[in-house]
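Computed over heavy atoms, backbone and side chain alike; hydrogens, waters and symmetry mates excluded. Below, chains carry the letters A, B, ... as their sequence lines are ordered, and counting in each starts from 1.
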Amino acid sequence: MPDNILVSVAWPYANGPFHVGHVAGAYLPADIFARYQRLRGNRVLMVSGSDCHGTPITLAAEKEGISPQEVIQRYHPSFLKTFQTLGITFDLFTQTYTANHYRVTTDMFLRLLEHGYLIRQTMVGSYSESLGRFLPDRFVEGTCPNCGFPRARGDQCDNCGQLRDPQDLIAPRSTLDGAPVTFHDTEHYFIDLAKLEPALRAWLDGVDRGYWRANTLLFTRNWLREGLRARAITRDLEWGVPVPVDDPAFKDKRIYVWFDAVIGYFSASIEWAERSGAPDAWKEWWVCRPDGSAPARSYYFIGKDNIPFHTIIWPAILLGYGDLALPYDVPANEFLNLEGDKMSTSRNWALWAPEIEDRYQPDALRYYLAANAPETRDSNWSWADFVQRVNSELVATWGNLANRVLSITHRNYGVVPQPGDLADADRQLLAATGQTFQAVTELLDGVKLKAALTETLALAQAANQYLSEQEPWKMVKTDRARAATVLFVALRVVDTLKTLFSPFLPFSSQRLHELLGYQGILAPQPRIEDAIAFDGTPRTVLTGDYPVDTGAWAVSDLPPGQALQSPAPLFQKLDEALVAEELERLRAKVRA
RNA sequence: GCCGGUGUAGCUCAGUGGUUAGAGCGAACGACUCAUAAUCGUUAGGUCACUGGUUCGAUCCCAGUCACCGGCACCA
């Protein structure tokens with residue numbers, strides 16, 4: 001009986017391209033997990049989309065003198081390109097600027113209102129006289145009343161560290177244009193988190209969450225320990241989902257971005273179902289059974305900056321709505337640094353995906369990002385390390401193993417050779433293969449992707465060892481039957497390794513699948529399709545058919561006699577000179 | 001300032017209250033030559049940030065110090 005698995009991935013702001021940290025922290029881990037689950041025969045729904053609302057989008061639009069829609073149209077396609085190039089297999093990567101999302105968000109809002117979880121409160125907003133609109137506190141600065149620091153931010157003084165409200169600042173002004181800021185009362189809807197807190201605690205404490213990552217759990221508990229307060233979910237903005245109440249006071253307000261963005265997981269699932277011609281199919285991942293149990297396990301792949309939104313606020317929204325499945329796991333990742341320093345968009349210290357995705361093999365990028373993923377703590381992208389690991393691990397240990405075994409076998413036999421009786425060494429390697437397969441399966445189930453990759457590579461090393469000891473290239477001349485047995489064993493291990501590597505390295509695994517004489521798809525790839533945006537204009541989405549082959553995740557049973565294709569290397573070795581070139585490229589961007 | 005995290009071999013990272021703390025890469029030496037000069041073996045290399053405490057025993061638990069990082073709620 002296959003399980004239903006929901007793979008939810010953080011919604012990126014459509015105000016700039018991806019950098020490698022986004023890929024390593026969310027999209028690649030999610031794809032590896034989704035590919036593995038599909039191979040196991042489970043029914044996977046993997047969704048995300050571009051976050052089209054929020055201040056960053058509005059600001060980017062104003063800065064360039066274009067509309068928010070044009071900002072989205074600039075970056076959304078770049079996300080799709082990156083996913084297609086790197087082979088990220090979304091069932092649907094859509095956007096929040098769609099009629100469906102507006103409808104679902106409206107429905108969520110009204111249902112929470114009806115259930116009594118939304119309340120109206122008046123707050124003081126920072127208002128820019130020059131722009132004629134309200135500003136987020138972080139766009140307000142002024143002189144600190146405590147230490148006299150002239151550039152204290154609205155929420156905290158960077159000089160003396162004191163926390164405060166923007167109203168306390170002397171001569172408050174907008175960081176956008178330096179114009180004066182005044183303060184006005186403004187009424188908003190708040191989600192009553194205090195009212196939802198008991199249900200939230202019951203959910204969190206109801207089962208042993210020991211399988212959650214320690215950091216996620218700790219973070220969530222600390223947030224909860226402080227107690228929850230109502231949180232505003234509307235804003236004085238003109239860009240976003242309208243507040244669905246019949247009240248002129250809310251005509252110029254919108255639902256705030258963090259509320260509608262998390263709803264995207266749900267709305268995208270509904271959009272996927274409609275697109276695939278089975279409009280109710282989303283229910284199999286979302287609607288709880290009559291006994292209250294979840295119909296699917298849902299995993300949320302996000303960065304650590306997003307933890308409270310996925311372990312507290314989104315669950316609270318779901319609880320307030322009722323009858324929908326809460327997160328099963330939130331495998332949050334830490335951050336990826338670049339050459340030892342934190343990536344920074346403003347300093348242009350970042351490795352942008354569009355700048356490298358076409359210059360390296362996708363599996364080389366996937367390998368390094370997976371092997372070096374920030375699973376338990378911040379990790380680091382270094383070009384020297386990238387070249388070294390790709391060359392020694394991916395090319396030399398794994399690629400060369402596959403190539404050497406295929407080369408000897410193809411030249412001497414042409415097909416998978418018929419084995420004779422197995423020797424101890426043969427049985428030992430095959431036993432180790434079974435053990436590794438089991439271990440990797442358990443690690444992937446627990447979303448321990450790095451450890452799974454390490455285990456897999458260790459099996460490739462064991463296979464290289466076996467070949468060194470058995471020396472089949474000598475035996476083909478002296479004992480052809482024994483050489484056939486050794487190569488048969490080696491091929492089965494390579495075939496198993498192909499399966500174990502395929503969630504991580506889909507392109508080369510598919511190729512190897514064919515070299516080994518199989519037909520069909522082991523590692524499917526996504527495609528781009530047309531769709532319609534909220535305003536009726538054309539847009540694109542990423543989707544795909546990822547047919548489930550229930551026998552695919554298994555130790556090899558490669559049959560003797562299967563014809564092998566003429567082998568060729570799977571991976572390109574990298575020239576060490578490119579380390580200096582890439583470093584120079586990075587430095588040039590910072591100077592510019 | 002408050003809360004929290006991290007600090008382990010040259011590099012990137014695992015890990016544990018208990019005999020000699022691990023892996024990969026890098027380094028040195030050797031073997032092999034089927035394979036993209038790839039592979040295999042051997043060796044070298046660490047007061048597990050620092051100080052103190054608990055304990056028969058601490059890299060691991062506790063306290064403090066230093067360094068770096070994150071959160072602190074209209075920032076997602």
Legend entry - Closest listed nucleotide, where the reference is the side chain of A:Q388 and the choices are B:C25, B:U12, B:C40: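 From the listed options, B:C25 comes nearest.
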So [X], base contact, sugar-phosphate only, or nothing? Heavy-atom distance under 4.0 Å.
{"X": "A:D305", "value": "base"}
{"X": "A:A232", "value": "nothing"}
{"X": "A:F309", "value": "base"}
{"X": "A:E469", "value": "nothing"}
{"X": "A:S126", "value": "nothing"}
{"X": "A:F571", "value": "base"}

Regarding [X] and [Y], do their side chains bring together a donor and an acceptor under 3.5 Å, going by distance alone?
{"X": "A:T186", "Y": "A:H184", "answer": "no"}
{"X": "A:E514", "Y": "A:Q510", "answer": "yes"}
{"X": "A:R480", "Y": "A:N412", "answer": "no"}

Only pairs with both distances under 3.5 Å count, Watson-Crick or wobble alike; so what is the partner of [N] in this structure?
{"N": "B:G41", "answer": "B:C29"}
{"N": "B:U12", "answer": "B:A23"}
{"N": "B:G7", "answer": "B:C66"}

Legend entry - Within the 6.0 Å centroid threshold, strictly below: A:Y367 and A:F504: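 A:Y367 vs A:F504: aromatic centres not under 6.0 Å.
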Inset, instruction - Would you please indicate if the ring centroids of A:Y97 and A:W239 are separated by under 6.0 Å? - result: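 Yes, the ring of A:Y97 comes within the 6.0 Å limit of the ring of A:W239, centre to centre.
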Inset, instruction - Please state the P separation for the pair B:C29 and B:U65 - nearest whole angstrom. - result: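 These two P atoms come out 49 Å apart once rounded.
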Legend entry - B:G10 to B:U16 separation - P atoms, rounded to the nearest Å: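 These two P atoms come out 23 Å apart once rounded.
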Inset, instruction - Identify, with sequence neighbours excluded, every residue that meets side chain to side chain donor-acceptor pair (under 3.5 Å) alongside A:R201. - result: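 By the side chain to side chain donor-acceptor pair (under 3.5 Å) rule, A:R201 matches A:E197.
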Inset, instruction - Would you jot down, in residue-number order, the residues of residues 470-481 of chain A having a non-hydrogen atom under 4.0 Å from RNA chain B? - result: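 By residue number: A:W473, A:K474.
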Inset, instruction - Would you tell me if any nitrogen or oxygen in the side chain of A:N400 comes within less than 4.0 Å of OP1 or OP2 on B:U36? - result: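 No, no such contact exists.
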